[in-house]
Each structure stands twice: as structure tokens, then as C-alpha cells.
*Asks:* 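Have a look at this one.
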Amino acid sequence: MLASNNGDPRQCASNLLKLTRGENPYDRIKGIDAAITDAPSASARYDAIAEAEWVLDTYEPRVEVEGIDFEAPDAQGGDFSTITQIKLREEEDNE
């Protein structure tokens with residue numbers, strides 16, 4: 001993973017947000033719940049934001065979520081995306 005630049009925290013966060021829950025056979029809860037695409041757009045917005053925050057907080061401790069926005073250019077067709085602003089967390093010194 002590191003050899004192909006997948007070890008960068010920003011890339012790892014991006015990969016996590018592209019996973020669908022259940023897709024990873026060894027960690028079935030990792031990823032975004034696909035049922036959000038079938039939810040009414042009013043609730044899907046908040047569900048998608050909450051899912052993205054949870055996934056990043058749970059699986060990528062090297063980043064901090066600064067903000068998440070939700071866009072649905074074609075909500076009827078299930079076309080939506082989350083725009084996430086993250087920053088790298090500072091390494092804590094234990095000395």
C-alpha cells in the first residue's frame with residue numbers, strides 16, 4: 001500500500017469514503033451504508049454526513065474532519081456526493 005501512495009492519510013480517508021458497508025469481508029461495518037441512496041433526500045443528506053464523519057473518526061485517526069457538505073445534483077437518480085474537508089492531526093509527543 002505505501003509503495004503505491006495509499007499510506008497517505010488523505011488517500012486513506014478518500015478510500016474509506018468510497019467503500020460501501022459490507023464490501024470488506026473482514027470488517028463488515030467499514031464503509032458508507034448503501035441504503036442512504038434509497039432514502040428520501042431530506043434525510044439522506046444528514047445520514048450521509050453522519051456516516052462520513054463516523055467512518056473517518058472510527059477508521060482514520062490521523063485526520064480530523066473540519067466539515068462535510070452534501071450535494072445531490074440528481075437525487076432522483078441516486079446521484080449524490082459528500083464533499084469533505086479534513087486536516088491532518090498533529091503527532092502527539094509522549095515525552
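Keep in mind the model is a prediction, meaning the values are calculated, not measured.
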*Asks:* Would you check, one step at a time, whether the test side chain to side chain contact (heavy atoms under 4.5 Å, CB included) holds for R89 with E64?
*Replies:* CA-CA 6 Å; R89 291 183 191 225; E64 183 176 331; 3.8 Å; yes
*Asks:* Does one hydrophobic cluster hold both Y46 and I68, with members joined at side-chain heavy-atom distances below 4.5 Å?
*Replies:*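 Different clusters.
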*Asks:* Would you say the side-chain atoms of T58 pair up with the backbone N or O of W54, donor to acceptor, closer than 3.5 Å?
*Replies:*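 Confirmed, T58 side chain pairs with W54 backbone.
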*Asks:* Residues in side chain to side chain contact (heavy atoms under 4.5 Å, CB included) with K30, at least two apart?
*Replies:*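 Listed in chain order: L16, L19, N24, D27, Y59.
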*Asks:* Please report the closest heavy-atom contact between L88 and P9, naming both atoms and the distance.
*Replies:*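 For L88 and P9, the tightest heavy-atom pair comes out as CD2-CB, 3.5 Å.
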*Asks:* Given V55, which partner from the list I29, D33, I32 fulfils the side-chain contact (heavy atoms from CB on, under 4.5 Å) test?
*Replies:*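 It is I32; the other options fail the test.
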*Asks:* Under the side chain to side chain contact (heavy atoms under 4.5 Å, CB included) rule, what do L17 and T84 come out as? Steps first, then yes or no, please.
*Replies:* CA-CA 9 Å; L17 294 173; T84 309; 3.6 Å; yes
*Asks:* Provide the closest heavy-atom pair for G7 versus R62 in the form atom of the first, atom of the second, distance.
*Replies:*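 G7 and R62 have their closest heavy atoms at O-NH1, 3.0 Å.
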*Asks:* Excluding sequence neighbours, so at least two apart, what forms side chain to side chain contact (heavy atoms under 4.5 Å, CB included) with T20?
*Replies:*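 T20 satisfies side chain to side chain contact (heavy atoms under 4.5 Å, CB included) with E23, A34 only.
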*Asks:* Please find the pair of heavy atoms, one from A13 and one from L56, that lie closest to each other, and give the distance.
*Replies:*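 Heavy atoms of A13 and L56 come nearest at CB-CD2, 3.6 Å.
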*Asks:* Sorted by first residue and then second, give each salt bridge (charged side-chain N to carboxylate O under 4.0 Å, His left out) pair with at least one member in residues 43-55; sequence neighbours left out.
*Replies:*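 Sorted pair list: R21-E51, R45-D69.
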*Asks:* Could you give me the CA-CA distance, side-chain angles and deciding distance for I86 and R10, then say whether side chain to side chain contact (heavy atoms under 4.5 Å, CB included) is met?
*Replies:* CA-CA 8 Å; I86 59 172; R10 291 173 292 259; 4.2 Å; yes
